[in-house]
Amino acid sequence: MVLCSDREPGPGWGGPRTGTPQTHSRLRSREDPMPVRVRFAPSPTGYLHVGGARTALINWLYARRHGGAFILRIEDTDEARSTPEMTQAILDGLSWLGIAWDEGPFFQSGRQALYRENANKLLSSGHAYRCFCSKEALDSRRNASGKPAEWKYDRLCRAIPREESDRRAAAGEPFVVRCDVPKGKLAWDDVVKGRIEFDSSEVEDFVLLRSDGTPTYHLSVVSDDVAMGMTHVIRGEDHISNTPKQIALYEGLGVEPPVFGHLPLILGMDKKKLSKRHGTVSVLSYRDEGILPLALFNFLAQLGANLGEEPFLTMTEVIRRFDFSALKNSASVFDRERLAFINAKVMGETSPCELAVVLRPFLEALLPAGPEPGEAAVRVMATRAKDLRELAAMLVPFLTLDFPLDPKGLEKARKDPGALAALEGLLPRLEGLAEDEWGPAKLEEVLRGHAEASGVKAGALIHPCRLFLTGRTESPGIFDVLAAMGRPGTLARLKRGLDSVSAAGG
RNA sequence: GUCCCCAUCGUCUAGCCCGGCCUAGGACACCGGCCUUUCACGCCGGCGACGGGGGUUCGAAUCCCCCUGGGGACGCCA
């Protein structure tokens with residue numbers, strides 16, 4: 001493990017410290033009577049996508065801002081679709097982004113007893129009842145209603161007396177447990193949307209326990225949020241219509257509901273909900289494309305929020321500025337161009353040393369077991385690359401002599417034999433430079449002087465020089481490249497370039 | 001279909017809560033120009049929006065209503 005020798009902190013993504021459960025201090029003060037406890041609760045049925053990442057990020061930000069705890073809970077009760085690989089991918093995605101959880105990850109699959117216990121509690125307190133209606137019976141009533149799309153459970157089984165219900169259950173008749181949704185308004189003050197109200201007539205007596213005895217989503221979420229002491233439930237807008245149901249459960253359980261907040265969705269460029277067909281949605285794939293975590297972090301934090309005018313901020317600064325009031329309440333579009341812009345900015349502010357570290361996998365892919373690039377090379381080339389993948393490609397010519405020369409550039413070089421001859425004449429002069437003279441200023445002086453002496457324009461020397469050193473027709477300032485390449489490296493590439501021109505040129 | 005949410009440049013957004021300082025500001029992208037050894041960066045300039053209709057008011061992007069448009073949810077999925 002190579003550590004950065006310079007102490008330059010860079011914009012840094014304070015390395016993730018994950019998975020270490022800590023006991024959160026329950027310090028109380030007058031202003032903050034209850035420590036903030038928030039959570040991110042993904043179901044491991046897919047990769048961590050940018051929408052989920054943003055939800056996690058906002059919860060994390062809020063926890064950090066208020067010295068609270070951020071809890072990670074994996075909702076893996078859908079055994080058919082959940083996989084350990086997806087769980088790992090979610091963990092990896094969060095860690096890469098720099099979002100560390102304070103507690104967890106907890107798995108719902110191991111907490112069945114709690115859910116069943118709460119269902120029984122609800123049953124005995126009369127906030128839930130057994131429903132013996134079969135799926136077929138439900139379907140036929142739905143179809144007979146005339147408006148099957150609007151049909152809700154007709155609450156027939158709510159009228160069954162307790163003794164009869166107990167008797168039928170004991171006799172082995174299959175049943176589900178439904179919530180007895182109370183009459184009236186189910187409302188809350190949403191921290192991002194404002195007041196939201198549902199009339200209970202719009203809310204069905206939903207199922208809490210399936211006929212196989214397993215809990216449904218609403219029961220397990222509320223049970224866990226209560227058990228884990230969540231103070232705020234901040235999640236995607238697609239959960240708004242679940243909220244009245246969950247409020248009914250809190251009421252049934254006799255527990256004060258948490259503060260709810262519903263985040264606007266992230267849309268694709270076509271303004272439709274972001275999905276696979278919009279291309280990249282997985283957080284990890286941005287890592288693999290050479291995006292820096294701090295760039296995605298900033299992009300996500302600033303999407304649908306107003307954190308200031310700067311293109312990007314340090315994590316600390318994002319935390320300092322974040323608040324629910326900074327959030328917009330309308331959906332926003334995921335604009336890759338903007339992400340690319342932010343990434344380029346972040347790269348420019350990241351120390352060469354840090355870049356060298358995160359660059360390794362990309363270099364490894366291009367040049368297995370190749371040497372590490374020098375810091376000077378990274379520093380110079382990073383000024384033109386917009387992502388790590390590009391940077392790695394630009395560094396290859398610094399690490400090997402075996403790199404292709406741009407054909408268009410080669411063609412152009414051949415058309416000016418005079419310049420090539422002059423370039424050849426430059427070699428001994430470069431060779432004559434002392435090690436400590438090998439810097440941009442001196443190199444420029446020598447090259448320009450030689451150009452004048454040879455009767456060619458400086459540019460005529462510079463262009464083939466750039467081509468031979470970098471393989472490309474564009475690069476950072478040539479004298480900086482020359483300097484970063486070093487004397488032996490420069491001479492070798494210049495000779496190789498000159499050779500290939502004459503060889504291929506016939 | 002029913003319920004819920006939302007609505008400023010192509011995109012991200014400021015302004016909206018507490019009407020006038022808004023001939024609506026910034027940024028990304030795009031188009032010019034400058035700089036220059038190339039390409040970027042940077043700088044300068046340009047293009048470009050209050051969805052529509054009614055109110056309220058001396059005055060509305062800002063307040064109210066309707067319409068339209070977009071999105072979401074309507075499972076013994078989560």
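All values below come from the heavy atoms of this structure, side chains included, with hydrogens, waters and symmetry mates left out. Letters A, B, ... mirror the listed sequences (proteins, then strands); counts begin at 1.
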A.B. asks: Measure from NE2 on H218(A) to C1' on C74(B) and round the result to the nearest Å.
C.D. replies: 11 Å
A.B. asks: Return the nucleotide paired to G69(B): Watson-Crick means purine N1 to pyrimidine N3 with N6-O4 or O6-N4, wobble means G-U with N1-O2 and O6-N3, both under 3.5 Å.
C.D. replies: C6(B)
A.B. asks: Have a look at S211(A) and say if it touches a base, only the backbone sugar-phosphate, or nothing, with a 4.0 Å heavy-atom cut-off.
C.D. replies: base
A.B. asks: Determine the contact category for V333(A): base if any of its heavy atoms lies under 4.0 Å from a base atom, sugar-phosphate if only primed atoms, P, OP1 or OP2 are that close, otherwise nothing.
C.D. replies: sugar-phosphate
A.B. asks: Identify whether any heavy atom of A305(A) sits under 4.0 Å from a base atom; if not, whether one sits that close to sugar-phosphate; answer base, sugar-phosphate or nothing.
C.D. replies: sugar-phosphate
A.B. asks: Mind checking whether F299(A) and F334(A) have ring centres under 6.0 Å apart?
C.D. replies: yes
A.B. asks: For RNA chain B, whose closest nucleotide is more 5', that of D212(A) or that of E444(A)?
C.D. replies: E444(A)
A.B. asks: Go ahead and name the base partner of G45(B); Watson-Crick or wobble counts if both distances stay under 3.5 Å, otherwise write none.
C.D. replies: C31(B)
A.B. asks: More 5' along RNA chain B: L303(A) or C131(A), using each one's nearest nucleotide?
C.D. replies: L303(A)
A.B. asks: At under 4.0 Å between heavy atoms, what does K328(A) touch on the DNA or RNA strands: base, sugar-phosphate, or nothing?
C.D. replies: sugar-phosphate
A.B. asks: For RNA chain B, determine which residues of residues 181-191 of chain A have any heavy atom closer than 4.0 angstrom to one of its atoms, and list them numerically.
C.D. replies: none
A.B. asks: Respond yes when some side-chain nitrogen or oxygen of N242(A) is under 4.0 Å from OP1 or OP2 of C74(B), and no when none is.
C.D. replies: no
A.B. asks: Measure from CD on Q246(A) to C1' on A73(B) and round the result to the nearest Å.
C.D. replies: 13 Å
A.B. asks: Using purine N1 to pyrimidine N3 plus N6-O4 or O6-N4 for Watson-Crick, or N1-O2 and O6-N3 for G-U wobble, each under 3.5 Å, what pairs with C74(B)?
C.D. replies: G1(B)
A.B. asks: Please list, pair by pair, any protein nitrogen or oxygen found under 3.5 Å from a nitrogen or oxygen in nucleotides 25-35 of chain B.
C.D. replies:
from   : atom 1 : to      : atom 2 : distance (Å)
G26(B) : O2'    : E309(A) : OE1    : 2.8
A27(B) : N3     : R338(A) : NH1    : 3.4
C28(B) : O4'    : R338(A) : NH1    : 3.3

A.B. asks: D199(A) near the nucleic acid: base, sugar-phosphate alone, or nothing, with a heavy-atom cut-off under 4.0 Å?
C.D. replies: nothing
A.B. asks: Near RNA chain B, under 4.0 Å by heavy atom, which residues of residues 453-472 of chain A?
C.D. replies: I462(A), H463(A), R466(A)
A.B. asks: In the structure shown, which nucleotide is the Watson-Crick or G-U wobble counterpart of C50(B), with both distances under 3.5 Å?
C.D. replies: none
A.B. asks: Could you label the plane-to-plane angle of the F260(A) and W188(A) rings as parallel, tilted or perpendicular, counting under 30° as parallel and over 60° as perpendicular?
C.D. replies: perpendicular
A.B. asks: Quick one: label K193(A) by what it contacts on the DNA or RNA (base, sugar-phosphate, nothing), any heavy atom closer than 4.0 Å.
C.D. replies: sugar-phosphate
A.B. asks: Considering every strand shown, what is the Watson-Crick or G-U wobble mate of A40(B) when both distances are under 3.5 Å?
C.D. replies: none
A.B. asks: Under 4.0 Å between a side-chain N or O of R235(A) and OP1 or OP2 of G72(B)?
C.D. replies: no
A.B. asks: Among residues 473-484 of chain A, which residues get a heavy atom nearer than 4.0 Å to RNA chain B?
C.D. replies: T473(A), E474(A), S475(A), P476(A), G477(A), I478(A), F479(A)
A.B. asks: Only pairs under 3.5 Å count here: list side-chain donor-acceptor contacts from residues 438-447 of chain A, not counting sequence neighbours, and write none if there are none.
C.D. replies:
from    : atom 1 : to      : atom 2 : distance (Å)
W438(A) : NE1    : L482(A) : O      : 3.0
E444(A) : OE2    : R448(A) : NE     : 2.8
E444(A) : OE2    : R448(A) : NH2    : 3.1

A.B. asks: Among residues at least two apart in sequence or on other chains, which ones pass side chain to side chain donor-acceptor pair (under 3.5 Å) with S43(A)?
C.D. replies: T45(A)
A.B. asks: Measure from the side-chain heavy atoms of K135(A) and tell me the nearest of C5(B), G75(B), C76(B).
C.D. replies: C76(B)
